Number of protein chains: 2
Amino acid sequence: MSTTIYDVAEEASVSMATVSRVVNGNPNVKPATRKKVLDAIERLEYRPNAVARGLASKKTTTVGVIIPDISSIFFSELARGIEDIATMYNYNIILCNSDKNKDKEIHLLNTLLEKQVDGILFLGGEITEEHAEHLRRSSVPVVLAATFHEEGEFPAINIDYAQAAFDAVDHLLKKDHKHVGMLTGTLEDPVNGYQKFKGYKEALENNNVAFDESLVAVCDYTYDSAIESLEGLLQSNNKPTAIFSATDEMALGAIHGLQDRGIRVPEDVEVIGFDNTRLATMVRPTLTTVVQPMYDIGAVSMRLLTKYMDNEDIDEQNVVLPHRIAYRNTTK
Amino acid sequence: MSTTIYDVAEEASVSMATVSRVVNGNPNVKPATRKKVLDAIERLEYRPNAVARGLASKKTTTVGVIIPDISSIFFSELARGIEDIATMYNYNIILCNSDKNKDKEIHLLNTLLEKQVDGILFLGGEITEEHAEHLRRSSVPVVLAATFHEEGEFPAINIDYAQAAFDAVDHLLKKDHKHVGMLTGTLEDPVNGYQKFKGYKEALENNNVAFDESLVAVCDYTYDSAIESLEGLLQSNNKPTAIFSATDEMALGAIHGLQDRGIRVPEDVEVIGFDNTRLATMVRPTLTTVVQPMYDIGAVSMRLLTKYMDNEDIDEQNVVLPHRIAYRNTTK
DNA sequence: TTGAAAGCGCTAACAC
DNA sequence: GTGTTAGCGCTTTCAA
């Protein structure tokens with residue numbers, strides 16, 4: 001079997017309590033005995049059993065992360081931010097894909113709780129009342145990232161999506177575009193759907209431009225769906241001369257869809273994306289897009305979670321990170 | 001405190017052993033008592049403690065995944081394949097970024113072992129002799145994915161990178177290109193560097209084309225580095241009329257770098273990438289590239305790991321998945 | 001500064 | 001079918 005704390009104690013001729021103390025950096029150990037123990041550990045290649053430790057101490061130094069889809073260019077960047085900060089604070093991460101599926105999300109929540117994680121990060125999905133009920137019952141802190149609960153009941157890290165969308169569309173409108181199209185996710189999606197759409201509409205109102213339903217296309221976030229939906233927009237009586245897309249990937253779809261039809265970007269149609277994923281500079285023309293600090297959202301949410309786990313003071317449980325627009329070449 | 005198996009036993013007026021039996025689906029329980037227990041569990045909202053269970057059973061149903069960088073479009077796709085199969089077999093995943101850094105990798109290996117994972121998936125990094133020593137000492141099975149050990153000592157899932165590179169370059173050469181450039185990763189990288197470069201050289205030899213050092217540029221896998229390195233290739237006395245890139249992202253860099261200089265793709269220069277990431281169809285012209293089944297590599301490696309963990313028979317510890325070339329519009 | 005001993009919540013013999 | 005009991009490897013009082 002693998003060597004235990006008892007073996008080390010015996011090898012060093014001390015009690016297991018003393019071994020435990022040196023392993024845990026407890027200062028109440030005479031340097032000489034500390035050395036004895038350290039040597040024994042080395043000789044025996046002792047490696048503490050984190051499961052036993054977790055059972056005894058009720059801390060696993062592991063946090064659960066529920067993420068819609070790790071293969072998404074957006075969420076994987078978030079995940080990286082999370083993992084970096086987790087490492088910094090000595091936590092490991094159990095990563096689970098939810099596909100934004102409610103049942104899966106709730107199931108995962110329970111699985112993670114069974115595994116005794118010290119905290120949970122919930123990313124991206126819609127927070128329904130059913131979610132809220134489960135989250136409330138959680139025995140460990142939960143923080144949301146890139147999503148939020150209507151009532152602001154749970155700590156959450158986001159940008160102001162509606163305002164960001166407003167800014168982008170407003171920019172277009174101020175340049176005298178009369179017909180600005182929008183590519184959106186499903187409106188049930190609080191972030192990529194509802195909030196951004198809301199910003200779009202508000203910008204229209206604010207600029208006294210009538211809302212035209214035929215100018216908004218609901219897509220499923222994929223590049224291909226954007227190309228397809230474009231057909232609809234182009235059919236509108238109010239053919240768009242500018243398009244705001246809820247994600248970069250769909251913006252690329254729009255750009256290429258336009259180009260494939262011989263429509264020039266930005267000369268004939270200007271395009272603004274959202275997220276500033278690495279894709280944005282990997283297209284020609286390079287994409288003007290709303291910059292959302294993805295890595296930071298992950299990092300900040302993990303940091304906030306550590307505060308909850310360590311019972312530190314929380315100054316603000318709902319943090320709104322800044323956004324801006326990166327002007328590149330899909331706009332004039 | 002949270003409710004334990006004792007509470008349930010009391011509530012149901014049975015012994016804890018019986019509760020354990022129903023929780024674990026042991027058939028030796030009378031239906032009537034099973035129901036009693038199930039009811040008690042429901043009433044008390046009992047949730048088994050996986051840590052205690054792990055300590056007692058020596059199984060955590062958790063596997064460790066050491067991955068170079070989860071935010072990479074390539075590895076995140078692999079990770080998705082891993083997670084899906086893990087879920088299917090009821091495992092969770094502890095995800096750790098290594099940045100292909102040897103010390104980090106070895107440190108992570110130890111951390112995961114401390115956490116008593118049931119198995120480990122090691123992705124992408126170089127396997128030095130030092131790695132091998134640590135891997136050999138692992139108390140749980142380890143499988144490699146998208147990397148391998150020279151001696152084939154450890155189970156590994158890959159495609160034949162050298163052959164794949166050969167195929168791509170050979171295709172170019174057969175079309176009478178005399179000067180085929182290559183964008184490669186560092187040659188220490190067994191996969192993206194050495195193997196692909198080897199395939200490149202072999203294709204040259206096979207077609208009786210002299211190797212010209214000025215035609216290969218070592219990049220750091222980024223889009224930008226590819227754009228930069230392009231300058232060097234274009235300076236060569238044997239200006240390339242075709243370019244083979246070790247990754248799609250660098251291929252995009254090359255394409256845009258060429259286009260920015262007014263060089264047309266594929267008319268003036270043909271380009272072939274590697275991986276067939278989602279980027280490949282998100283560029284114009286769409287990218288001809290070597291198709292590597294990323295998701296499958298993840299899925300198959302996780303499946304193989306489950307076999308090791310469950311002591312199933314292994315037919316082949318070194319699996320080589322098929323590759324092919326997707327011909328699109330960066331080649332004529 | 002060190003040791004003894006009581007759990008942590010569960011599984012897995014073993015007995016009945 | 002069901003209960004008893006001895007660990008799993010560690011942390012954490014409490015004494016000394």
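Just so it is clear, the structure is predicted and the values come from calculations on it, not from any experiment. Note on naming: letters A, B, ... go to the chains in the order of the sequence lines (proteins, then strands), and numbering restarts at 1 for each one.
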Checklist entry - Listed by chain and number, what are the salt bridge (charged side-chain N to carboxylate O under 4.0 Å, His left out) partners of A:E126, not counting sequence neighbours? => result none
Next on the checklist: Tell me every residue that passes salt bridge (charged side-chain N to carboxylate O under 4.0 Å, His left out) with B:E130, counting only those two or more places apart in sequence or in another chain.
Outcome noted: B:K102
Checklist entry - Which ring-ring contact (aromatic ring centres under 6.0 Å, His included) pairs, counting each pair once, include a residue from residues 84-118 of chain A, with sequence neighbours left out? => result none
Next on the checklist: Can you pull out every ring-ring contact (aromatic ring centres under 6.0 Å, His included) where at least one residue sits in residues 123-152 of chain B? Sequence neighbours excluded, please.
Outcome noted: B:F122-B:H131, B:H149-B:F154
Please report, rounded to the nearest Å, how far the [atom2] atom of [N] is from the [atom1] atom of [X].
X: A:E10; N: C:dG3; atom1: CD; atom2: P; answer: 13 Å
X: A:E114; N: C:dC10; atom1: CD; atom2: C1'; answer: 13 Å
X: A:Q116; N: D:dC8; atom1: CD; atom2: P; answer: 21 Å
X: B:L113; N: D:dG9; atom1: CG; atom2: C1'; answer: 16 Å
X: A:N24; N: D:dG9; atom1: CG; atom2: P; answer: 17 Å
X: B:N26; N: C:dA12; atom1: CG; atom2: C1'; answer: 11 Å
X: B:K58; N: D:dG9; atom1: NZ; atom2: C1'; answer: 8 Å
X: B:Y6; N: C:dC8; atom1: OH; atom2: C1'; answer: 10 Å

For [X], all residues meeting side chain to side chain donor-acceptor pair (under 3.5 Å), sequence neighbours excluded:
X: A:S13; answer: none
X: A:E312; answer: A:R303
X: A:E45; answer: none

Checklist entry - Any salt bridge (charged side-chain N to carboxylate O under 4.0 Å, His left out) pairs touching residues 137-153 of chain B, not counting sequence neighbours? => result B:R136-B:E153
Show me the side-chain donor-acceptor pairs of residues 60-78 of chain B shorter than 3.5 Å, one per line, residues at least two apart or across chains.
from  : atom 1 : to     : atom 2 : distance (Å)
B:T60 : OG1    : B:Q116 : O      : 2.8
B:T60 : OG1    : B:D118 : OD1    : 3.4
B:T61 : OG1    : A:K115 : NZ     : 3.0
B:T62 : OG1    : A:K115 : NZ     : 2.8
B:T62 : OG1    : B:T60  : O      : 3.0
B:D69 : OD1    : A:R80  : NH1    : 3.0
B:D69 : OD1    : B:S71  : N      : 2.9
B:D69 : OD1    : B:S71  : OG     : 2.9
B:D69 : OD2    : B:S71  : OG     : 3.0
B:S72 : OG     : B:F74  : N      : 3.1
B:S72 : OG     : B:F75  : N      : 3.0
B:S76 : OG     : B:S72  : O      : 3.0
B:S76 : OG     : B:I73  : O      : 3.4

Checklist outcome for this item: Note: contacts of residues 40-56 of chain A with DNA chain C (heavy atom, under 4.0 Å) are A:L55, A:A56
Checklist entry - Would you say the side chains of A:R21 and A:N28 form a donor-acceptor pair under 3.5 Å? => result no
Next on the checklist: Using a 4.0 Å heavy-atom cut-off, does B:T4 contact any base of the nucleic acid, only the sugar-phosphate backbone, or nothing at all?
Outcome noted: sugar-phosphate
Next on the checklist: What's the angle between the local helix axes at either end of the helix from C:dT1-D:dA16 to C:dC16-D:dG1, using five pairs per end and rounding to 10 degrees?
Outcome noted: 30°
Item to check | Closest non-hydrogen atom pair, A:V51 against B:L55 | outcome: CG1-N, 3.5 Å
Atom pairs under 3.5 Å, N or O on each side, protein against nucleotides 2-4 of chain D: can you list them with distances?
from  : atom 1 : to    : atom 2 : distance (Å)
D:dT2 : OP2    : B:K30 : N      : 2.7
D:dT2 : OP2    : B:T33 : OG1    : 2.8
D:dG3 : OP2    : B:S15 : N      : 2.8
D:dG3 : OP2    : B:S15 : OG     : 3.1
D:dG3 : OP2    : B:T18 : OG1    : 2.6
D:dG3 : N7     : B:R21 : NH1    : 3.4
D:dG3 : N7     : B:R21 : NH2    : 3.4
D:dG3 : O6     : B:R21 : NH2    : 2.4

